[in-house]
Amino acid sequence: MSDDAVSPEEVRHVADLARVDLDDDEVDRFAGQFADILEYFETLDEVPEVDREADLANVMRPDEERPSLDSEDALRNAPETEDGYFKGPNVS
């Protein structure tokens, strides 16, 4: 585990932000896990940078106008439509 241990107060703060209730045993377990995760990030800082090709080229083709489906054909197989648009499930 890293020298910069994660305190139980920090774990409780993160849990409050995430609206997660943790008991004392969970706080202790997560403090250790958070410290391990932070240590992994410190290890990533040690990975050397790789040389990248300086000159990048745009490989995308230029936009071109082409015939497409009209709205009625596009909506024909949709499970639900509303006012000429696809209708999807409500998400919250």
Side-chain angles (χ1 to χ4, degrees):
M1 194 158 51
S2 176
D3 292 336
D4 299 324
V6 177
S7 72
E9 292 76 26
E10 291 170 314
V11 172
R12 285 188 179 91
H13 177 70
V14 171
D16 286 343
L17 292 174
R19 297 187 176 144
V20 175
D21 291 325
L22 299 178
D23 61 33
D24 290 340
D25 291 337
E26 291 171 318
V27 168
D28 291 339
R29 188 173 77 234
F30 282 117
Q33 290 175 351
F34 285 165
D36 289 343
I37 291 168
L38 292 175
E39 188 173 333
Y40 291 132
F41 278 106
E42 289 172 7
T43 302
L44 288 176
D45 287 339
E46 297 169 12
V47 174
E49 289 189 31
V50 295
D51 291 334
R52 286 180 261 168
E53 199 172 305
D55 296 327
L56 299 176
N58 185 357
V59 295
M60 304 294 287
R61 65 169 171 74
D63 289 338
E64 59 183 55
E65 196 172 310
R66 297 188 301 189
S68 62
L69 296 173
D70 63 29
S71 295
E72 187 176 308
D73 287 338
L75 295 171
R76 184 171 292 136
N77 289 323
E80 285 190 71
T81 63
E82 185 175 294
D83 298 326
Y85 296 97
F86 292 101
K87 183 174 181 181
N90 290 335
V91 292
S92 57

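- Checked against salt bridge (charged side-chain N to carboxylate O under 4.0 Å, His left out), E49 has no partners two or more places apart in sequence or in another chain.
- Closest approach of V27 to L22, counting heavy atoms only: CG2-CB, 3.8 Å.
- Side-chain contacts under 4.5 Å among hydrophobic residues (ILVMFWY), followed directly or transitively, place F86 together with L75.
- For the salt bridge (Lys or Arg N to Asp or Glu O under 4.0 Å) condition, the pairs that include at least one residue of residues 80-92, sequence neighbours left out, are E82-K87.
- Contact annotation: the side chain of E72 approaches that of R76 to within less than 4.5 Å [non-hydrogen atoms, C-beta and beyond].
- Checked against side-chain contact (heavy atoms from CB on, under 4.5 Å), L69 has the following partners two or more places apart in sequence or in another chain: D73, A74.
- Closest approach of A35 to V6, counting heavy atoms only: N-CG2, 3.7 Å.
- Within the structure, salt bridge (Lys or Arg N to Asp or Glu O under 4.0 Å) pairs that include any residue of residues 11-25 comprise R12-D24 (at least two apart or interchain).
- Linking ILVMFWY side-chain heavy atoms closer than 4.5 Å, directly or via other members, places L44 and I37 in a single hydrophobic cluster.
- Partners of S71 according to the side-chain contact (heavy atoms from CB on, under 4.5 Å) rule, which considers only residues two or more places apart in sequence or in another chain, do not exist here.
- Applying the side-chain hydrogen bond (donor to acceptor under 3.5 Å, both in side chains) test to R66 and every residue at least two apart in sequence or in another chain returns nothing.
- Every residue meeting the side-chain hydrogen bond (donor to acceptor under 3.5 Å, both in side chains) condition with E10, not counting sequence neighbours, appears here in chain and number order: S7.
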